[in-house]
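Worksheet: one structure, shown below.
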Amino acid sequence: MRLAHLRLTALSLALALPLGALAAPLITGSSLPPLSLEDQHGKAVSVPAGTRVIVFAADKAASDLANEVLGNEKPGVLERLQAVYVADISGMPSLVTKMFALPAMRALPFPIGLARESAVLADLPRQKAAVTVIRLADGKVQGMDHAKDTAQLKQMLGLN
């Protein structure tokens, strides 16, 4: 019995290692991995050539902060900033997503690329309750910062 358990554990680790090796954390100088997401309206979201900023919300607090800052700007703010906004909603229960979160997001005047599986955005750096701002040039990461309040996020996005 114990030998079978050890073999199962070893097999699990052997299978998991290649998956972990594929996901490299995003660092300055690296290329942004291709993202294929849908927004709150079911439309495809990608990171087109020329994108200068990725705004990433990994949790509800970060999402609330990004929505507040971007929602108080004139429509078209993401286009003006050459930015794409993505959010990890993989931890949200399906019922909550359908009944509450998506209807609220549909009222926002900008698209949010939604990751329903955590692996999709696993490479992006995150801090609890902070919006990650990733600056790009020619598809390569130039720098990354984390905003924990509206003033920081506005400054990082050049909205002051």
Side-chain angles (χ1 to χ4, degrees), residues 20 22-160:
L22 293 175
L26 200 60
I27 59 171
T28 300
S30 64
S31 294
L32 186 73
L35 298 176
S36 180
L37 305 168
E38 284 189 357
D39 71 7
Q40 65 270 39
H41 304 286
K43 295 180 182 173
V45 172
S46 62
V47 180
T51 299
R52 298 185 62 211
V53 177
I54 302 291
V55 177
F56 171 50
D59 57 33
K60 184 175 182 342
S63 180
D64 289 346
L65 174 58
N67 293 346
E68 177 185 347
V69 169
L70 296 172
N72 285 325
E73 295 296 316
K74 293 178 185 171
V77 62
L78 292 175
E79 292 83 3
R80 285 192 305 279
L81 295 172
Q82 296 176 293
V84 174
Y85 175 18
V86 297
D88 184 346
I89 63 166
S90 63
M92 190 180 300
S94 179
L95 183 63
V96 172
T97 301
K98 289 177 187 171
M99 299 287 293
F100 304 103
L102 283 176
M105 285 186 245
R106 287 182 185 125
L108 296 170
F110 47 81
I112 307 168
L114 302 173
R116 296 172 189 265
E117 295 179 24
S118 61
V120 175
L121 299 176
D123 295 350
L124 301 187
R126 58 192 74 212
Q127 284 184 4
K128 187 173 176 64
V131 175
T132 303
V133 177
I134 303 167
R135 292 178 308 286
L136 303 171
D138 298 320
K140 294 206 182 289
V141 176
Q142 300 301 302
M144 297 174 276
D145 291 300
H146 301 279
K148 293 193 177 222
D149 61 43
T150 56
Q152 285 180 328
L153 185 54
K154 283 181 174 184
Q155 186 214 8
M156 287 177 197
L157 295 176
L159 297 173
N160 290 341

Candidate pair Leu102 and Leu114, rule side chain to side chain contact (heavy atoms under 4.5 Å, CB included), full reasoning: CA-CA 10 Å; Leu102 283 176; Leu114 302 173; 3.6 Å; yes

Can Leu124 and Val86 be said to form a side chain to side chain contact (heavy atoms under 4.5 Å, CB included), step by step? CA-CA 10 Å; Leu124 301 187; Val86 297; 4.2 Å; yes

Take Met156 and Val131 through the side chain to side chain contact (heavy atoms under 4.5 Å, CB included) test and state the conclusion after the steps. CA-CA 10 Å; Met156 287 177 197; Val131 175; over 6 Å; no

Please step through side chain to side chain contact (heavy atoms under 4.5 Å, CB included) for the pair Leu136 and Val53, ending with a clear verdict. CA-CA 6 Å; Leu136 303 171; Val53 177; over 6 Å; no

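Counting heavy atoms from C-beta on, the side chains of Tyr85 and Ser63 come closer than 4.5 Å. Between Asn72 and Leu159, every side-chain heavy-atom pair lies at or beyond the 4.5 Å cut-off. Glu68 places none of its side-chain heavy atoms less than 4.5 Å from the side chain of Leu153. With contacts defined as side-chain heavy-atom distances shorter than 4.5 Å, the pair Ser31/Lys140 qualifies. Between Leu157 and Leu70, some side-chain heavy-atom pair lies under the 4.5 Å cut-off. By the 4.5 Å heavy-atom criterion applied to side chains, Phe56 and Asp88 are counted as neighbours. In this structure, Ile89 and Ile112 have side chains that are not in contact, with every pair of non-hydrogen atoms separated by 4.5 Å or more. Side-chain contact check for Phe110 versus Asn67: some heavy-atom pair is nearer than 4.5 Å.
When all heavy atoms are compared, the tightest approach of Arg106 to His41 is O-CE1, 3.5 Å. Nearest heavy-atom pair across Ile27 and Ser30 is O-OG, 2.6 Å. Contact detail for Leu121 and Leu37: the closest heavy-atom pair is CD2-CD1, 4.5 Å. When all heavy atoms of Gln127 and His146 are compared, the pair lying nearest together is NE2-CD2, 3.3 Å. Of all heavy-atom pairs between Arg80 and Lys74, the closest is NH2-O, 3.1 Å. Considering every non-hydrogen atom in both Ala130 and Ala62, the closest pair reads O-CB, 3.3 Å.
Put simply, the side chain of Gln40 gets close to the backbone of Met105: a donor and an acceptor are under 3.5 Å apart. Between the side chain of Asp59 and the main chain of Ala129, a donor-acceptor pair closer than 3.5 Å is present. A donor-acceptor pair under 3.5 Å links the side-chain atoms of Thr132 to the main chain of Pro125, judged by distance alone.
More than 12 heavy-atom neighbours from other residues, nucleotides or ligands sit within 6.0 angstrom of NZ on Lys148. Around the CD atom of Gln142, the shell of radius 6.0 Å holds more than 12 heavy atoms that belong to other residues, nucleotides or ligands. Other residues, nucleotides and ligands place no more than 12 heavy atoms under 6.0 Å from the CZ atom of Arg52. Heavy atoms of other residues, nucleotides or ligands lying less than 6.0 angstrom from CG of Asp138 number 12 at most.
Rounding to the nearest 0.5 Å places CG of Leu78 at 10.0 Å from CD of Glu73. In this structure, Met144 CE and Thr28 OG1 are separated by 4.5 Å, a value rounded to the nearest 0.5 Å. Note: Leu35 CG to Ile54 CD1 = 6.5 Å, rounded to the nearest 0.5 Å.
A side-chain contact (heavy atoms from CB on, under 4.5 Å) with Leu95 holds for exactly one of Met92, Lys98, Met99; it is Met99.
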